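Numbers here simply count residues along the sequence, with the first being 1. Because the structure is a prediction, the values reported are computed rather than measured. Indexing begins at 1, ligand by ligand and atom by atom, following the structure's order.
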Amino acid sequence: MIASKLHLNSFLHGEDITASSLLLTALAFAGLASIAYVILTEAYRSKVRLPNIPGPTGLPIVGNFYQLNPDPAETLHQWSKKYGGVYQIMLGTMPVVVFSSMQAAREVFIGQGGSLIDKPKFYTFHSVLSSVASSIGTTPWSESTKRRRKTAATAMNRPAVASYLPFIDELTRDLIADLWKKGQDGTVAFDPRHSLSRTITDLTLTVNYGARLPDDDALLEEIIDVEDGLSRIKCPLGSSQDFMPIMRWSPFNEKSAVAKEINRRRLIFLNKFSSELEDRVEKGIEKPSIQSNCLKDPDVRLDKVDLLGISMSMVSGGLDTMVNTLAWSIGTFALRPDIQEKAYQAICDVYGKESWGPIEDETAVPYVTALVKECLRTFCVLRLSLPRATWKDVQYGDIFIPKGTTVFLNAWGCNRDESVYGPDVNVFRPERFLEDPDLPHAAYGFGTRMCAGFHLANRQLYVMILRLLWSFKIELSKEDADNNWRMRALEDVTEPWHLAAIPPSYKVRFVSRNAGALKEMLE
Ligand code: HEM
């Protein structure tokens with residue numbers, strides 16, 4: 001008995017030794033593997049780093065990724081003061097060339113536009129999310145991208161936008177009626193974001209499919225939620241796993257699963273809208289729209305995947321950008337009654353106090369045109385634009401950027417370029433665009449892949465802002481005013497890592513300036 005106990009003890013003791021030595025061996029092996037991984041990654045990082053382009057070196061494995069905190073666009077803008085208007089950063093093992101000065105950006109993005117026509121491929125977005133089709137703005141250059149881009153750009157050029165004016169007119173009226181009703185003629189303060197989202201989603205779908213959004217709040221919420229999720233993945237800095245492949249195996253990484261689920265949900269509503277349109281085309285009851293034109297025109301050789309890609313671009317391109325630009329603008333107007341007054345007088349000088357004027361002319365009230373540009377410049381909702389890749393080698397002065405390099409346009413930095421806007425660059429001052437009507441801004445990007453919807457966006461912003469400021473005095477809620485609520489483009493952005501710059505929420509009152517005239521305009 002005793003002997004067998006001894007035997008058992010020594011046996012167990014022996015097991016202990018074996019287990020702990022196995023553990024030690026495993027730890028040593030993991031340690032060596034980690035060291036080897038760091039050495040190999042560092043060797044790779046220094047090999048792929050672009051010669052003769054200045055920029056911060058960054059940390060092993062992660063490069064400059066986490067140094068971009070707390071606000072990537074602003075950090076890159078500050079770095080441009082040290083490294084110049086064109087410099088490189090390392091995102092994990094990926095070198096990225098950043099353009100952060102207006103002059104350099106325009107010279108290369110416009111002057112050598114053909115060399116910057118490509119888009120980089122990111123693991124999360126291109127391999128996990130976009131398994132079926134992807135929006136134009138994120139798709140590398142190919143024959144299919146060329147066809148889609150051309151169709152979308154033609155469908156949103158100046159004459160085409162003129163044909164959508166009845167939709168813009170109808171939806172702006174609905175928006176103003178909704179704001180007036182919800183706020184009970186300025187007696188109740190509320191957050192206008194939901195109304196803005198509904199109007200912009202409705203408008204985007206109407207222009208794309210020729211049918212208005214059904215009165216279905218659940219569907220609207222679903223579209224908004226899916227598009228918000230997409231923005232998070234589409235964000236150039238949205239997924240660390242794109243730059244640090246090791247993150248793809250992290251048990252805490254849910255990015256890929258989230259991307260797949262968003263793709264599934266997005267396809268449900270896009271397919272629904274497409275098949276409803278096909279039905280209308282078959283019955284011959286469709287209204288003019290981008291998709292119906294493509295379906296009916298034998299010269300437009302687009303397949304189903306192309307058409308789906310265009311739909312994705314329209315919904316993704318127009319939603320976040322327009323809603324956030326309007327949300328920043330309305331909040332700013334509430335804080336700046338002087339600007340509201342100037343705009344109101346300028347509108348009344350042209351159209352009088354009894355009418356908000358026709359919708360045809362986008363430049364009839366130059367102060368409003370300038371106001372729209374200053375809103376786009378100041379809030380610049382796509383602060384890092386959408387990433388590009390070089391299609392050909394680029395030579396800019398001493399800087400050589402080889403084909404296939406990822407390039408960021410820091411639109412935020414360009415819009416804060418003192419050499420262009422002067423010392424009051426951080427002041428919200430629409431007059432700067434009256435003093436120099438050719439003054440550029442970078443909110444839509446530049447060159448061959450710049451925003452394909454910019455005519456449509458300019459027209460919508462002009463009409464909506466003009467009519468809002470003619471109809472209402474916009475006043476901050478008492479609660480927000482008491483709390484000294486602010487709307488600074490830099491300090492008050494809510495999620496600086498998000499693709500689109502989202503303003504802080506607020507409540508405002510929409511007080512009619514001339515209730516009788518407004519009622520007539522809405523009839
Ligand atoms: C305030 C409104 C808007 C802003 C600030 C904005 C900004 C931008 C920016 C910065 C890009 C990337 C450009 C680049 O790569 O250089 C882009 C691309 C694009 N936008 Fe817009 N956008 C707006 C509204 C719209 C609207 C209303 C639509 C259509 C409904 C639209 C459709 C597109 C499309 C299709 C692209 C992809 C172009 C391509 O890659 O070839 N955008 N937009």
Side-chain angles (χ1 to χ4, degrees), residues 73 99 105-106 108-110 113 116-120 134-142 144-157 160-161 164 167-168 171 196 199-209 227 231 234-236 289-291 306 309-329 372-389 391 406-412 414-415 441-465 499-501:
F99 281 76
R106 283 167 63 82
V108 175
F109 280 69
I110 301 173
L116 273 168
I117 206 159
D118 207 5
K119 298 272 170 175
S134 63
S135 57
I136 303 169
T138 47
T139 312
W141 196 239
S142 68
S144 160
T145 316
K146 197 168 154 186
R147 282 198 304 272
R148 282 190 255 166
R149 154 101 203 167
K150 196 167 165 235
T151 311
T154 313
M156 289 186 284
N157 65 16
V161 168
Y164 307 136
F167 297 145
I168 300 181
L171 279 145
L196 296 175
T199 303
I200 299 299
T201 310
D202 205 347
L203 189 54
T204 311
L205 295 179
T206 310
V207 169
N208 194 42
Y209 296 105
E227 291 303 320
S231 293
K234 225 163 63 176
C235 174
S289 69
I290 295 176
Q291 296 281 320
D306 290 334
I310 292 179
S311 297
M312 288 173 172
S313 318
M314 296 296 294
V315 181
S316 301
L319 203 60
D320 252 8
T321 48
M322 287 290 303
V323 171
N324 286 307
T325 302
L326 284 166
W328 279 105
S329 305
V372 169
K373 287 186 188 169
E374 184 67 343
C375 290
L376 286 161
R377 179 193 80 86
T378 307
F379 306 118
C380 187
V381 293
L382 292 194
R383 296 191 171 177
L384 290 181
S385 208
L386 295 178
R388 301 273 190 100
W391 180 250
T406 299
V407 173
F408 283 2
L409 170 69
N410 184 4
W412 164 262
C414 294
N415 283 347
H441 68 74
Y444 294 125
F446 296 119
T448 38
R449 300 284 303 259
M450 77 174 281
C451 176
F454 80 99
H455 285 303
L456 182 62
N458 276 340
R459 183 55 71 104
Q460 291 178 42
L461 290 171
Y462 176 86
V463 171
M464 285 179 177
I465 288 179
L499 176 71

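- A donor atom on one side chain and an acceptor atom on the other are found under 3.5 Å apart for Ser142 and Thr145.
- When Gln460, Met322, Met464 are each tested for a side chain to side chain contact (heavy atoms under 4.5 Å, CB included) with Thr199, only one passes: Met464.
- Taking every non-hydrogen atom of Met450 and a distance limit under 4.0 Å, the qualifying atoms of ligand 1 come out as 13 (C), 16 (O), 38 (C).
- Between Phe454 and Tyr444, the ring planes lie tilted relative to each other; the angle falls in the 30° to 60° range.
- Residues that satisfy the salt bridge (Lys or Arg N to Asp or Glu O under 4.0 Å) test with Arg149, not counting sequence neighbours, are absent from this structure.
- Near Ser313, the atoms of ligand 1 lying under 4.0 angstrom from a non-hydrogen atom of the residue are 35 (C).
- Both the backbone and the side chain of Met314 come within 4.0 Å of ligand 1, judged by heavy-atom distances.
- For Ser311, the side-chain contact (heavy atoms from CB on, under 4.5 Å) test picks out Asn208, Tyr209, Leu270, Gln291, with sequence neighbours left out.
- Of all protein heavy atoms, the one closest to atom 16 (O) of ligand 1 is Arg388 NH2, 2.7 Å.
- Protein heavy atom closest to atom 15 (O) of ligand 1, with residue, atom name and distance, is Lys119 NZ, 2.8 Å.
- Under a 4.0 Å heavy-atom criterion, Ala152 is not in contact with ligand 1.
- Note: Arg449 CZ to Trp141 CH2 = 5.5 Å, rounded to the nearest 0.5 Å.
- Of all atoms in ligand 1, numbered sequentially from 1 with element shown, those under 4.0 Å from a heavy atom of Arg149 are 38 (C), 39 (C), 41 (O).
- With a heavy-atom cut-off of 4.0 Å, Ile136 touches ligand 1 through backbone and side chain alike.
- Arg148 and Ser144 form a side-chain donor-acceptor contact under 3.5 Å, judged by distance and modelled atom types alone.
- A side chain to side chain contact (heavy atoms under 4.5 Å, CB included) with Val108 holds for exactly one of Leu409, Leu116, Val407; it is Leu116.
- In terms of protein heavy-atom proximity, atom 14 (C) of ligand 1 is closest to Arg449 O, 3.1 Å.
- Considering only residues two or more places apart in sequence or on other chains, Thr448 meets the side-chain contact (heavy atoms from CB on, under 4.5 Å) condition with Ile117, Arg388.
- Remark: side-chain polar atoms of Trp328 are paired, donor with acceptor, to backbone N or O of Ala501 under 3.5 angstrom.
- Under the 3.5 Å distance criterion, the side-chain polar atoms of Asn415 are left unmatched by any main-chain donor or acceptor of His441.
- For the atom pair CZ of Phe167 and CG of Leu456, the computed distance is 11.0 Å after rounding to the nearest 0.5 Å.
- Looking only at protein heavy atoms, the nearest one to atom 29 (C) of ligand 1 is Met156 SD, 3.5 Å.
- Protein atoms of type N/O/S that fall under 2.8 Å from atom 21 (Fe) of ligand 1 number 1 in this view.
- In this structure, the protein non-hydrogen atom closest to atom 7 (C) of ligand 1 is Ala443 O, 3.5 Å.
- Those atoms of ligand 1 that come under 4.0 Å of a heavy atom in Thr325, given as number and element, are 1 (C).
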